[in-house]
Amino acid sequence: MTDRQTSSVAEIVRVRGRSRPDHTALVLGDRRVSGGELLDRAAQMAQALSAAGVGADDRVAFLDENGIEHFEVFFGAAMLNAVCVDVNRRLAAPEVQFIVDDADAKVLIVGPDFVPILDEIAEQLPKVTTFVVIGADHGIHELYEVWSTRRPAIDPGVGSDPDDTAFQLYSSGTTGRPKGVMLSNANFFSLLSMAKEIWELDESSVNLTTMPLFHIGGGGWAMGGM
């Protein structure tokens, strides 16, 4: 059985950010983010997404290398009971376009290396109302660092049920188009007691994530550690 406080992925950042605000949550190179800082950034992201029209059960598409921004978007969406859909960064532009459209994403956030793909497919994504670029002033679309921080760090306080979707991952499409595979909160948390035994993770562990976060082996492993 899991703790009632951490029965949804949004509660991971909420509980950790409030109970261990000064404890390191993420490390990327020389950059360190505490639990409290991550909670604040996720809350700002939730407010930015809400202002862009994202609500419960909506999808937010994310295309970038592994990075801290993934967690800000993932948890920000979860705070609205929405879902972050990480897109395989190795795909060609038409494949990215298909997944973003198939997911009915309202917001698409891309890293600087993927701006050429964004430019190629933006006009083919009528369901996307907001395009955001990380780390590069595109001049047309929203700049992530400005767009995501102009809102207050206030948790919208939206709850999630066990059967609500926590992850939406896409298959490789070896037998046709990629297919969206949804993992609920209950699915994810049912694995954690086993993960603690097999992976020997505890509150003092440092969890190194090397696999891509668009894959359950990367994103699931990272969330299991958190």
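One is the number of the first residue; the rest follow in order along the sequence.
The closest side-chain heavy-atom distance from Glu69 to Tyr144 is below 4.5 Å. Counting heavy atoms from C-beta outward, Met79 and Val158 have side chains that stay 4.5 Å or more apart. Taking the side chain as every heavy atom from C-beta outward, Leu91 and Ile99 approach each other to under 4.5 Å. Counting heavy atoms from C-beta outward, Val60 and Val73 have side chains that approach closer than 4.5 Å. Within the 4.5 Å cutoff, the side chain of Met223 has heavy atoms near those of the Phe75 side chain. In this structure, Val110 and Ile134 have side chains that are not in contact, with every pair of non-hydrogen atoms separated by 4.5 Å or more. Residues Glu142 and Thr130 form a side-chain contact, since some pair of their non-hydrogen atoms from C-beta on lies under 4.5 Å apart. Taking the side chain as every heavy atom from C-beta outward, Pro21 and Glu37 never approach each other to under 4.5 Å.
Val87 is connected to Val115 through a chain of hydrophobic side-chain contacts under 4.5 Å among Ile, Leu, Val, Met, Phe, Trp and Tyr, so both are in one cluster. Both Leu213 and Leu38 are assigned to one and the same hydrophobic cluster, defined by single-linkage of ILVMFWY side chains at heavy-atom distances under 4.5 Å. Leu63 and Leu169 fall into different hydrophobic clusters, where Ile, Leu, Val, Met, Phe, Trp and Tyr are joined by side-chain heavy atoms under 4.5 Å apart, directly or via other members. If you chain together hydrophobic residues whose side chains sit under 4.5 Å apart, Phe98 and Phe114 fall into the same group. In the hydrophobic clustering of this structure, Leu125 does not group with Val107; members are Ile, Leu, Val, Met, Phe, Trp, Tyr whose side-chain heavy atoms approach within less than 4.5 Å, directly or through other members.
Side-chain atoms of Ser50 never come within 3.5 Å of backbone atoms of Ala46 as a donor-acceptor pair (strictly under, hydrogens ignored). The closest donor-acceptor contact from the side chain of Asp113 to the backbone of Glu65 lies at 3.5 Å or more, if one exists at all. With Lys106 contributing its side chain and Gly53 its backbone, the two residues share a donor-acceptor pair below 3.5 Å. Judged by distance alone, the side chain of Gln47 and the main-chain N or O of Ile154 form a donor-acceptor pair under 3.5 Å. Of the possible donor and acceptor atoms, none in the side chain of Thr165 sits under 3.5 Å from a partner among the backbone N and O of Ser184.
The pair Asp155-Arg18 meets the salt-bridge criterion, since a charged nitrogen lies less than 4.0 angstrom from a carboxylate oxygen. Salt bridge status for Arg59 with Asp104: absent, with no side-chain N to carboxylate O gap under 4.0 Å. Classification of Arg89 and Asp64 as a salt-bridged pair fails, no side-chain N sitting under 4.0 Å from a carboxylate O.
Enclosure of atom CE in Met211 by more than 12 non-hydrogen atoms of other residues, nucleotides or ligands within 6.0 angstrom is indicated. Annotation: Arg150, atom CZ; neighbour count of heavy atoms from other residues, nucleotides and ligands within 6.0 Å is above 12.
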Review point. Can Leu118 and Val133 be said to form a side-chain contact (heavy atoms from CB on, under 4.5 Å), step by step?
Key: CA-CA 9 Å; Leu118 172 61; Val133 176; 3.8 Å; yes
Review point. Stepwise, does the side-chain contact (heavy atoms from CB on, under 4.5 Å) test hold for Leu28 with Leu26?
Key: CA-CA 7 Å; Leu28 178 64; Leu26 297 169; over 6 Å; no
Review point. After noting the C-alpha distance and the side-chain angles of Trp147 and Gln44, does the key distance pass the side-chain contact (heavy atoms from CB on, under 4.5 Å) rule?
Key: CA-CA 9 Å; Trp147 176 80; Gln44 286 183 300; over 6 Å; no
Review point. Going through the distances and angles, do Met45 and Phe71 end up as a side-chain contact (heavy atoms from CB on, under 4.5 Å)?
Key: CA-CA 10 Å; Met45 177 57 64; Phe71 297 94; over 6 Å; no
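When every heavy atom of Val83 is checked against every heavy atom of Ala166, the shortest pair comes out as CG1-O, 4.0 Å. Shown here for Ile121 and Val96, the closest heavy-atom pair between the two residues is CD1-CG1, 3.8 Å. Taking every heavy atom of both residues into account, Glu120 and Gln124 meet most closely at O-NE2, 3.1 Å. Residues Thr209 and Ala222 approach most closely at OG1-CB, 3.5 Å, considering heavy atoms. The nearest pair of heavy atoms linking Ala103 to Val85 is CB-CG2, 4.3 Å. The two residues Ala153 and Asp40 make their nearest non-hydrogen contact at CB-O, 3.6 Å.
Taking the six-membered ring for Trp and thresholds of 30 and 60 degrees, Trp199 and Trp221 have ring planes more than 60 degrees apart, a perpendicular arrangement.
Here the CG-SG distance, from Leu49 to Cys84, works out to 9.0 Å after rounding to the nearest 0.5 Å. Atom OG of Ser8 sits about 6.0 Å away from atom CZ of Phe189, to the nearest 0.5 Å. The line from CG of Leu80 to OG of Ser160 is 9.5 Å long, rounded to the nearest 0.5 Å. One distance of note links CE of Met226 with OG of Ser205; it measures 13.5 Å at 0.5 Å rounding. Note that OG1 of Thr129 and CZ of Phe131 are 8.5 Å apart. Values are rounded to the nearest 0.5 Å. Distance CD/Gln97 to CD1/Ile117: 12.0 Å, rounded to 0.5 Å.
Checking Asp164 against Asn185 by side-chain atom types alone, no donor-acceptor pair falls below 3.5 Å. Judged by distance alone, the side chains of Ser34 and Arg20 never bring a donor and an acceptor atom under 3.5 Å apart. Inspection of the Asp86 and Tyr170 side chains reveals no N or O donor paired with an N or O acceptor under 3.5 Å. Residues Ser204 and Asp202 have side chains that bring a donor and an acceptor to within less than 3.5 angstrom of each other.
Ring-centre distance between Phe62 and Phe214: not below the 6.0 Å cut-off.
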